[in-house]
Amino acid sequence: MSATSILDVRNLSVRYNGTTCDAVKDVSFTLGRERLGIVGESGSGKSTIGRALLKLLPTAKVIADKMRFEELDLLSLSERQMLDVRGKRMSMILQDPKFSLNPIQRVGHQVAEAYRRHFRCTKAEAREKALAMLDAVKINDPMRVYDLYPHEISGGMGQRFMIAMMLLADPDLVIADEPTSALDVTVRLQVLDILDGLVRERGIGLIMISHDLNLVRNFCDRVLIMYSGHMVESLAARELDNARHPYTRGLLAAQPRIGGSRKPLAVLDRKDDWINAVEPTA
Ligand SMILES: Nc1ncnc2c1ncn2[C@@H]1O[C@H](COP(=O)(O)OP(=O)(O)OP(=O)(O)O)[C@@H](O)[C@H]1O
Ligand SMILES: [Mg+2]
């Protein structure tokens with residue numbers, strides 16, 4: 001845990017309207033200038049935590065004892081104030097660029113417009129800034145690609161456009177929600193490399209949401225394990241193999257290993273008391 005925490009969340013709970021149980025229940029964590037992984041099965045509440053931090057949950061009741069981002073008390077900020085925080089000081093990279101890019105606007109213009117949303121500048125200046133950013137996320141020949149439409153670019157390129165758009169305003173916190181799950185292995189490594197560079201060079205805090213244990217093990221400094229809306233374990237990524245919670249151990253046992261035993265993989269045998277957290281070790 002870093003001494004200068006960017007984010008401090010205490011007992012965050014989220015209940016979507018019309019449902020009878022909490023999608024996220026009493027989740028607490030802090031984030032320094034580090035890479036924090038949040039892992040857990042589908043529906044365990046990972047994306048809900050990200051959306052709650054950005055206050056993008058209009059159809060849910062969000063309560064928390066504390067939700068501090070830098071000097072801001074997120075709980076008390078109005079929607080109008082959040083407009084200056086979202087995209088500028090904290091950004092979320094969403095899973096699928098196809099749903100996030102406007103299909104009828106050229107991709108480069110979308111990046112430039114995102115910049116103009118936060119900074120007063122001419123269109124020409126925004127274009128310059130967007131082109132520089134496309135170069136920074138390693139898009140080849142940015143001048144040509146700038147004028148393409150979303151359906152004319154590949155998935156990996158689309159994901160890099162999303163990253164470029166999220167990083168334009170130099171945010172201090174980036175929440176990446178499964179940023180690489182739609183990508184092939186080579187492009188995935190390039191995208192992770194870009195995110196890694198941001199943590200190292202700009203000192204941002206990064207929350208990496210994923211269901212890929214191997215990815216967070218290799219990429220993150222610390223990992224939170226979510227199960228059924230509860231944060232059941234928090235540990236240093238390098239300690240993942242020594243996890244104590246039965247759910248985490250179950251996930252690890254269900255991972256295929258090259259050269260490992262050819263016996264059928266273990267299947268999770270769920271227990272009601274799994275939602276009880278073990279003492280965090282990190
Ligand atoms: N808008 C909504 N209205 C009602 N319930 C919702 C809504 N969005 C999510 N949920 C429910 O909240 C729970 C947590 O969902 P969430 O999207 O946070 O899971 P997740 O861990 O991100 O899953 P995945 O790995 O599939 O992305 C799920 O049970 C889901 O069905
Ligand atoms: Mg999700």
Side-chain angles (χ1 to χ4, degrees), residues 7 9-29 31 35-64 67 74 79 82 86 90-101 155 158-159 162-163 166 173-183 188 191-192 195 206-217 219-220 222-235 237 240 243 245-248 250-252 254-255 267-268 270-272 274-277:
L7 197 63
V9 177
R10 294 287 133 211
N11 293 325
L12 168 69
S13 296
V14 179
R15 180 172 297 191
Y16 287 101
N17 297 348
T19 63
T20 51
C21 66
D22 292 341
V24 167
K25 179 74 178 160
D26 288 338
V27 165
S28 303
F29 63 95
L31 175 79
R35 294 160 297 189
L36 176 72
I38 302 185
V39 276
E41 63 196 1
S42 190
S44 57
K46 307 179 297 293
S47 302
T48 303
I49 295 178
R51 281 186 236 122
L53 291 172
L54 283 144
K55 298 192 51 154
L56 284 174
L57 289 170
T59 61
K61 184 161 181 255
V62 179
I63 53 167
M67 215 155 82
L74 292 176
E79 177 55 25
M82 276 311 290
R86 254 185 242 128
M90 59 160 97
S91 300
M92 189 153 168
I93 301 169
L94 299 170
Q95 183 167 355
D96 196 335
K98 288 198 179 59
F99 296 116
S100 309
L101 290 168
Q159 197 56 278
M162 292 294 301
I163 294 175
M166 295 305 138
L173 168 64
V174 172
I175 303 167
D177 192 353
E178 313 238 8
T180 59
S181 58
L183 307 177
R188 178 179 302 180
V191 169
L192 289 177
L195 293 174
L206 176 71
I207 296 182
M208 172 74 112
I209 296 175
S210 177
H211 53 247
D212 187 337
L213 280 171
N214 285 327
L215 188 149
V216 296
R217 186 207 316 267
F219 184 72
C220 294
R222 224 151 39 93
V223 187
L224 308 180
I225 314 284
M226 293 290 297
Y227 175 69
S228 189
H230 295 71
M231 202 191 93
V232 293
E233 196 162 20
S234 156
L235 70 180
L240 200 56
H245 195 279
Y247 173 63
T248 322
L251 286 181
L252 290 165
Q255 299 266 309
V267 176
L268 286 175
R270 289 159 200 277
K271 301 277 190 294
D272 288 344
W274 273 9
I275 55 176
N276 299 319

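The structure displayed is predicted, hence computed values, not measured ones. We count residues from 1, following the sequence as given. Whatever order the structure lists ligands and atoms in, that order sets their numbers, starting from 1.
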- Item | Side chain, backbone, both or neither: the part of Glu41 lying under 4.0 Å from ligand 1 by heavy atom |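 Answer for Glu41: backbone.
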- Query: Between His211 and ligand 1, which part of the residue brings a heavy atom under 4.0 Å of the ligand: side chain, backbone, both or neither?
  - Reply: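 Neither part.
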- Query: Out of curiosity, Leu31 CG to Leu224 CG, how far, rounded to the nearest 0.5 Å?
  - Reply: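 One gets 9.0 Å once the value is rounded to the nearest 0.5 Å.
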- Note on the structure: One should read off an interatomic distance between Leu74 CG and Leu54 CG, to the nearest 0.5 angstrom, of 8.5 Å
- Task: Using 2.8 Å as the cut-off, count the protein N, O or S atoms closer than that to the Mg ion (ligand 2).
- Result: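 Total protein N/O/S atoms under 2.8 Å from the Mg ion (ligand 2): 1.
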Quick one: nearest non-hydrogen protein atom to [atom], plus distance?
atom: atom 20 (P) of ligand 1; result: Gly43 N, 3.5 Å
atom: atom 2 (C) of ligand 1; result: Tyr16 CD2, 3.3 Å
atom: atom 26 (O) of ligand 1; result: Ser42 OG, 2.5 Å
atom: atom 22 (O) of ligand 1; result: Ser47 OG, 2.8 Å
atom: atom 25 (O) of ligand 1; result: Lys46 NZ, 2.7 Å
atom: atom 18 (O) of ligand 1; result: Thr48 OG1, 2.4 Å

- Message: Check contact between Ser44 and ligand 1, using heavy atoms of the residue and a distance below 4.0 angstrom.
- Response: yes
- Message: Tell me which one of Asp177, Ile175, Leu195 satisfies side-chain contact (heavy atoms from CB on, under 4.5 Å) with Ile93.
- Response: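 Looking at Asp177, Ile175, Leu195, the match for Ile93 under the side-chain contact (heavy atoms from CB on, under 4.5 Å) is Leu195.
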Under 4.5 Å between any side-chain heavy atoms of [X] and [Y], yes or no?
X: Asn214; Y: Arg217; answer: yes
X: Leu36; Y: Leu7; answer: no
X: Met208; Y: Ile38; answer: no

Which ligand 1 atoms does [X] reach within 4.0 Å, using its non-hydrogen atoms?
X: Glu178; value: 25 (O)
X: Ala23; value: 12 (O), 13 (C)
X: Arg51; value: 17 (O)
X: Gly45; value: 14 (C), 18 (O), 19 (O), 20 (P), 21 (O)

Main-chain N/O of [Y] paired to [X] side chain as donor or acceptor, under 3.5 Å:
X: Arg222; Y: Ala237; value: no
X: Ser28; Y: Asn11; value: yes
X: Glu233; Y: His245; value: yes
X: His230; Y: Val232; value: no

- Item | Ion pair check, Glu41 and Lys46, cut-off under 4.0 Å |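 Lys46 and Glu41: not salt-bridged.
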- Query: Looking just at side-chain N and O atoms, do Glu178 and His211 make a donor-acceptor pair shorter than 3.5 Å?
  - Reply: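 Yes.
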- Item | Residues which pass side chain to side chain contact (heavy atoms under 4.5 Å, CB included) with Thr59, listed by chain and number, not counting sequence neighbours | Tyr16, Asn17
- Message: If we count only non-hydrogen protein atoms and require a distance under 4.0 Å, does atom 30 (C) of ligand 1 qualify as touching the protein?
- Response: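 Neighbour list for atom 30 (C) of ligand 1 is empty of protein heavy atoms (cut-off 4.0 Å).
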- Nitrogen or oxygen atoms of Thr59 and ligand 1 under 3.5 Å apart: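 Looking only at distances, the answer is no, because the N/O contact criterion of under 3.5 Å is not met.
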